[in-house]
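Okay, so here's the structure we're looking at.
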There are 2 protein chains.
Amino acid sequence: MEKQEIQKNFFIPMPVVLVGTQVQGRANFMAVGWCTRVNGNPPMIACGINNNHATPEGIAATGTFSVNIPSSALMEKTDYCGMVSGRTTDKSRVFDVFYGTLKTAPMIRECPVTLECRLVQAVLLPTHTLFIGEIAGAYADNSVIKDGKPDVPAIDPLLLTMPDNRYWRLGRHAGDAWSAGKSLKSS
Amino acid sequence: MEKQEIQKNFFIPMPVVLVGTQVQGRANFMAVGWCTRVNGNPPMIACGINNNHATPEGIAATGTFSVNIPSSALMEKTDYCGMVSGRTTDKSRVFDVFYGTLKTAPMIRECPVTLECRLVQAVLLPTHTLFIGEIAGAYADNSVIKDGKPDVPAIDPLLLTMPDNRYWRLGRHAGDAWSAGKSLKSS
């Protein structure tokens, strides 16, 4: 296939999450497109957040944050939380808020899955900081649990691509991991 | 909505990438489900990789690695690269390999988008290491470029969910970012 060099600022398609913190004493939620699990045991997750946002101050203030997984039905509210700053806008009433064992990481009742995290490390990079948190509690709606586990199609997550700035739903099942490639293993 | 506490080891749906390194002097590729952009300018990307794998040694050896975005058509080969170790299996011939300006980060010609990265920082965590790389070069197939930019539906990325271990294609367009939430902004 013929290749061409493209701009280095390439974005891979990512799930959108809402990161919850306490900002100026109230619950605040920011839409974040850069989030991934980073450690297996204990379970840790990391979010890359622009240093200019209010959320880094919120994380620093309590040493905790939450990661909330919105369903596609929450697209408008999720997008709104990505457009307005917690410095100038009170976002504490956009969602119904609840707290878990950490007490300081606000979570969103409307989100099918929410995680509360204890900050482990903040990796300062030139324009962003990577906040690594240990998952201290995980909560799911009863309605998305199948066979005792969260069911991804029921969660109906929202994916984001940039720079086209489009949201997508999860598509069709393509195959099974640790299985689809078995035929290529030499016997 | 009624909530229940679930296992803390929750995985958010993620794109699958193939991380390329030099292992034992040959090109090696590993399927990685934990990968995200982490810095805006300069563009950086990070991958969380289990410390027991061969790939961390490969990254340490050259200070470089590649991130290759497979299309769903490459599911079998991608899955295979996640099932067998570069320590015991020569994966250098699974794909057609090419190199960019870094010379030491093998990239996959069959992947619609490939990134070559210079290691910036390795964040050691209990079971995994987060390898943060600056994107030194980005390459795309001519066939996935629309209006001068990579087109995500043309790339047709592969998403992975765990612990159900299923691959998914990108679904339908749900809405536009920095737009869908405008109606919630107070005038």
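Protein chains get the first letters and strands the later ones, always in sequence-line order, with residue 1 at the start of each.
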Q.
Taking side chain as everything from C-beta outward and backbone as N, CA, C, O, which of these in B/Ile6 sits under 4.5 Å from a heavy atom of chain A? Side chain, backbone, both or neither.
A. both

Q.
Can you tell me which portion of A/Leu160 sits under 4.5 Å from chain B's heavy atoms? Options are side chain, backbone, both or neither.
A. side chain

Q: Check B/His128 against A/Gly40 and note the closest heavy-atom contact, atom names and distance.
A: ND1-N, 3.3 Å

Q: Quick one: which of B/Pro43, B/Gly175, B/Pro15 has the most heavy-atom pairs under 4.5 Å with chain A, could you say?
A: B/Gly175

Q: May I ask whether B/Phe65 and B/Met107 are part of the same hydrophobic cluster, defined by side-chain heavy atoms of I, L, V, M, F, W, Y residues being less than 4.5 angstrom apart, directly or through others?
A: no

**Q.** Name of the residue among B/Thr36, B/Val32, B/Ile12 meeting side chain to side chain contact (heavy atoms under 4.5 Å, CB included) with A/Thr36
**A.** B/Thr36

(Q) Heavy-atom pairs under 4.5 Å with chain A: which of B/Thr114, B/Val152, B/Thr89, B/Thr129 has the most? (A) B/Val152

(Q) Hydrophobic clusters here meaning ILVMFWY residues chained together by side-chain heavy-atom distances under 4.5 Å, can you tell me if B/Val84 and B/Val97 are in one? (A) yes

(Q) Can you tell me which of B/Cys47, B/Gly48, B/Gly100, B/Gly137 forms the most heavy-atom pairs within a distance under 4.5 Å of chain A? (A) B/Gly137

Q. What part of B/Leu170 lies closer than 4.5 angstrom to a heavy atom of chain A: side chain, backbone, both or neither?
A. both

**Q.** For chain B, the option from A/Lys182, A/His173, A/Glu76 that forms the most heavy-atom pairs under 4.5 Å
**A.** A/His173

Q | chain A contact via B/Pro157 - which portion, at a heavy-atom distance below 4.5 Å | A | side chain

Q) chain A: which of B/Tyr80, B/Tyr139, B/Phe11, B/Tyr167 shares the most heavy-atom pairs with it under 4.5 Å? A) B/Tyr167

Q) Under 4.5 Å between side-chain heavy atoms, hopping through other hydrophobics if needed: is there a path connecting B/Leu74 to B/Met14? A) no

Q: Measure B/Leu184 against the heavy atoms of chain A and call it side chain, backbone, both or neither at under 4.5 Å.
A: both

Q) What part of B/Ala136 gets closer than 4.5 Å to chain A, counting heavy atoms only: side chain, backbone, both or neither? A) backbone

Q | Heavy-atom proximity to chain A below 4.5 Å, by part of B/Pro13 | A | both

Q. Checking heavy atoms, do the side chain of A/Pro126, its backbone, both or neither come under 4.5 Å from chain B?
A. both

Q) What part of B/Gln7 gets closer than 4.5 Å to chain A, counting heavy atoms only: side chain, backbone, both or neither? A) backbone

Q: Could you grab the distance from atom CZ of B/Arg37 to atom CE of A/Met162, nearest 0.5 Å is fine?
A: 7.5 Å

Q. So, do B/Leu159 and A/Leu159 sit near enough that their side-chain heavy atoms are less than 4.5 Å apart?
A. yes

Q.
With heavy-atom distances below 4.5 Å as the criterion, would you say the side chains of A/Met83 and B/Trp178 are in contact?
A. yes

Q.
Is it the case that the side chains of A/Thr127 and B/Asn41 hold a donor-acceptor pair, with the cut-off being a distance below 3.5 Å and no angle test?
A. no

**Q.** Interatomic distance, A/Met75 atom CE to B/Ser179 atom OG [nearest 0.5 angstrom]
**A.** 8.5 Å

Q | Winner by heavy-atom pair count (cut-off under 4.5 Å) against chain B, out of A/Ala138, A/Ser183, A/Pro163 | A | A/Ala138

Q) Are A/Met44 and A/Phe131 connected in a single hydrophobic cluster, I mean Ile/Leu/Val/Met/Phe/Trp/Tyr linked by side-chain heavy atoms less than 4.5 Å apart? A) no

Q.
Would you say that A/Asp141 contacts B/Glu2 through its side chain, given a criterion of any heavy-atom pair below 4.5 Å between the two side chains?
A. no

**Q.** N-O pairing of A/Arg166 and B/Asp151 below 4.0 Å
**A.** yes

Q. Any idea which of B/Val94, B/Val113, B/Ile49 has the most non-hydrogen atom pairs under 4.5 angstrom with chain A?
A. B/Val113

Q: To the nearest 0.5 Å, tell me how far B/Asp176 CG sits from A/Asn165 CG.
A: 8.0 Å

Q) Between B/Leu130, B/Asn9, B/Asp79, B/Leu115, which has the largest tally of heavy atom pairs under 4.5 Å with chain A? A) B/Asp79

**Q.** Residue part contacting chain A, namely of B/Val38, when any heavy atom lies under 4.5 Å
**A.** both

Q. What are the two closest non-hydrogen atoms of A/Trp168 and B/Pro153, and how far apart are they?
A. CH2-CG, 3.4 Å

Q | CD on A/Glu116 to NZ on B/Lys8, rounded to 0.5 Å | A | 9.0 Å

**Q.** Contact check, side chains of A/Ile69 and B/Phe10, non-hydrogen atoms, under 4.5 Å
**A.** yes

Q | B/Lys149 bridged to A/Asp164 by N-O distance under 4.0 Å | A | no

Q) With only heavy atoms counted, which part of B/Cys35 is less than 4.5 Å from chain A, the side chain, the backbone, both or neither? A) both

Q: Could you tell me which non-hydrogen atom of B/Arg109 sits nearest to which non-hydrogen atom of A/Lys3, and how far apart they are?
A: O-NZ, 2.9 Å

(Q) Shorter than 4.5 Å, heavy atoms on both sides: which option in A/Asn39, A/Asp147, A/Leu125, A/Ile135 has the most such pairs with chain B? (A) A/Asn39

Q. Is it true that A/Trp34 and B/Val19 fall in one hydrophobic cluster, defined by side-chain heavy atoms closer than 4.5 Å?
A. no

Q) Is the number of heavy atoms from other residues, nucleotides or ligands under 6.0 Å of B/Gln4 CD greater than 12? A) yes

